[in-house]
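Whatever order the structure lists ligands and atoms in, that order sets their numbers, starting from 1. Nothing fancy with the numbering, it's 1 onward along the sequence.
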Amino acid sequence: MTAKIIDGKLIAAQERDELSQKIAADESEDMPVLAVVLVGNNDASRIYVRNKKKAAAEVGIGCEVLEFAESIGENALLEVIDELNDNPHINGIIVQLPLPSHINSLRVLSKIRPDKDVDGFNPYNAGLLACREPEAIVSATPRGILKLLETTGIKLVGKHVVIIGRSNIVGRPVAMLLLNQDCTVSITHSKTENLPEIVYQADIVVAACGQPKLVKKDWIKDGAVVIDVGINRVDGKLCGDVDFDDVLEKASFVTPVPGGVGPMTVAMLLKNTYEAFQKQRLNGNVHKCSCGKNGCHCEHR
Ligand code: GUN
């Protein structure tokens with residue numbers, strides 16, 4: 001078998017086109033606006049943020065990048081988030097990860113108003129997803145992966161998905177999302193014993209472990225679908241967590257790196273931002289807290 005290549009670049013372009021048409025047809029005088037908080041000088045983060053900003057402009061979403069020195073304190077960053085939460089012109093807020101080690105990322109992500117949390121990293125949204133609540137904002141990479149799987153035409157119900165990696169950004173949310181699609185989900189990680197044998201049981205493999213070309217053809221059952229979330233640079237060249245050339249002869253479908261999951265993450269972030277904008281417009285962009293006070297600063301958010 002020679003695998004079909006899932007063209008994430010093309011599918012993401014179609015998603016962005018669709019979004020761009022919706023935004024152009026939207027009669028609102030306001031434009032959706034995404035705020036991106038970038039801390040420090042991580043080269044990869046800078047490239048990702050530049051790509052997000054460019055893609056946002058192309059579909060008609062405003063994007064404000066707020067840059068801060070590596071030395072910014074956690075409290076100062078929390079204040080920045082609070083200001084963005086309260087700014088009615090901002091519809092989506094993301095904090096580019098990783099943050100410097102002196103900052104507690106979870107505390108910062110928890111501060112983002114759930115209805116502006118377009119990365120879906122606030123534990124509130126992660127919790128809604130885990131509870132199968134359709135109102136959850138689902139983080140962009142898992143949402144993009146689901147879209148890629150849907151384009152293959154394979155039926156997801158009952159399929160065994162093996163996820164390699166248990167991160168808050170990919171492994172955990174993609175597990176919840178695919179569980180909600182009635183897949184049978186196994187999450188594996190760096191301490192998992194007999195990893196190749198477990199992966200061999202998969203109908204769908206999602207590799208998100210940050211280990212260049214870890215997944216080899218003899219780990220893959222004939223006809224399995226392989227989704228590669230990895231972005232690694234080896235000898236100046238990008239590669240994923242899957243040995244792409246190797247698995248081509250075993251898989252039915254495989255995503256390339258670059259041009260697979262990466263472009264979908266950006267497209268889905270923009271989609272989340274537009275959907276957040278629409279919802280906020282319906283709700284008057286006023287955070288309604290469970291304490292009953294609009295725009296409150298309490299801990300109920
Ligand atoms: N760092 C790596 N991936 C992501 C992502 O999807 N969103 C954010 N905010 N940071 C990241």
What I want to know is whether [X] and ligand 1 share at least one N or O pair that is separated by under 3.5 angstrom.
X      : answer
Leu97  : yes
Asp119 : yes
Val95  : yes

Crowded around [X] [atom1]? As in, over 12 foreign heavy atoms under 6.0 Å?
X      : atom1 : answer
Lys54  : NZ    : no
Arg281 : CZ    : yes
Lys9   : NZ    : no
Glu193 : CD    : no
Lys213 : NZ    : no

| query | Do you see a donor-acceptor pair shorter than 3.5 Å between the side chains of Lys52 and Gln96? | reply | yes

| query | Under a 4.0 Å heavy-atom limit, does Tyr48 contact ligand 1 with its side chain, its backbone, both, or neither? | reply | neither

| At a non-hydrogen distance cut-off of under 4.0 Å, which region of Met268 contacts ligand 1 (side chain, backbone, both, or neither)? |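 None of Met268 does.
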
| From the candidates Val229, Ile169, Leu109, the one that places a heavy atom nearest atom 3 (N) of ligand 1 | Ile169

| Looking only at protein heavy atoms, which one is nearest to atom 11 (C) of ligand 1, and how far off is it? | Gln96 NE2, 3.3 Å

